Amino acid sequence: MVWVRGRVQGVGFRWWVRSRALELGLTGAATNLGDGRVEVVVEGRREHCRRILALLRGGETPGEVAGVVERWENPRGTFSGFTER
């Protein structure tokens, strides 16, 4: 699970995350939170999860990422694709 803060709502950020996740074969969701952050949950191969973290921190996302906080958990297998909420 990842929380991304900055100017990340209303700029195509969740769509961008979904596109990158699907390219990496990841499942999950990107959800706007009421405090302006976006919560990103991804499941898949660990190296692919690390890659999307690097992309989130890489500076080429839509909007402006001011910070990324991650929390690793065991996959639950609850996702069948990738959704934007």
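Quick caveat, the model's predicted, so the values are computed rather than measured.
- Within the structure, salt bridge (Lys or Arg N to Asp or Glu O under 4.0 Å) pairs that include any residue of residues 56-66 comprise Arg57-Glu70 (at least two apart or interchain).
- Linking Ile, Leu, Val, Met, Phe, Trp and Tyr whenever their side-chain heavy atoms come within less than 4.5 Å puts Leu33 and Met1 in one cluster.
- The minimum heavy-atom distance between Val17 and Ala30, with the atom names listed, is CG1-CB, 4.3 Å.
- There is no path of hydrophobic side-chain contacts, each under 4.5 Å, that joins Leu26 to Phe79.
- By the rule that hydrophobic residues join a cluster once side-chain heavy atoms approach within less than 4.5 Å of another member, Val11 and Val40 end up as members of one cluster.
- Looking at heavy atoms from C-beta onward, Val38 lies out of side-chain contact with Thr31 at the 4.5 angstrom threshold.
- Within a 6.0 Å radius of CZ in Arg20, more than 12 heavy atoms belonging to other residues, nucleotides or ligands are found.
- With Glu47 as reference, Arg45 is the one residue of Arg51, Arg50, Arg45 to meet the side chain to side chain donor-acceptor pair (under 3.5 Å) rule.
- Taking the side chain as every heavy atom from C-beta outward, Trp3 and Asp35 never approach each other to under 4.5 Å.
- What you find for Leu24 and His48 is that their closest heavy atoms are O-ND1, 2.9 Å.
- Between Val42 and Cys49, the shortest heavy-atom contact is CG2-SG, 3.9 Å.
- Residues meeting the side-chain contact (heavy atoms from CB on, under 4.5 Å) test with Asn74, sequence neighbours left out: none.
- In terms of the side-chain contact (heavy atoms from CB on, under 4.5 Å) criterion, residue partners of Val65 (sequence neighbours excluded) are, by chain and number, Val4, Val8, Phe13, Thr61, Val68.
- Counting only residues at least two apart or in different chains, side-chain hydrogen bond (donor to acceptor under 3.5 Å, both in side chains) contacts with residues 75-85 comprise Glu73-Arg76.
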Given Leu55 and Trp16, is the side chain to side chain contact (heavy atoms under 4.5 Å, CB included) satisfied, shown in steps? CA-CA 10 Å; Leu55 291 169; Trp16 181 88; 3.9 Å; yes
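- With hydrogens and angles ignored, the 3.5 Å screen pairs no side-chain donor or acceptor of Glu43 with any backbone N or O of Gly28.
- Residue pairs meeting the salt bridge (Lys or Arg N to Asp or Glu O under 4.0 Å) criterion with at least one member in residues 6-15: none, sequence neighbours excluded.
- Taking the salt bridge (charged side-chain N to carboxylate O under 4.0 Å, His left out) definition, one finds that Arg46 meets it with nothing, sequence neighbours left out.
- Across all non-hydrogen atoms, the minimal contact from Phe82 to Leu22 is CB-CD2, 3.9 Å.
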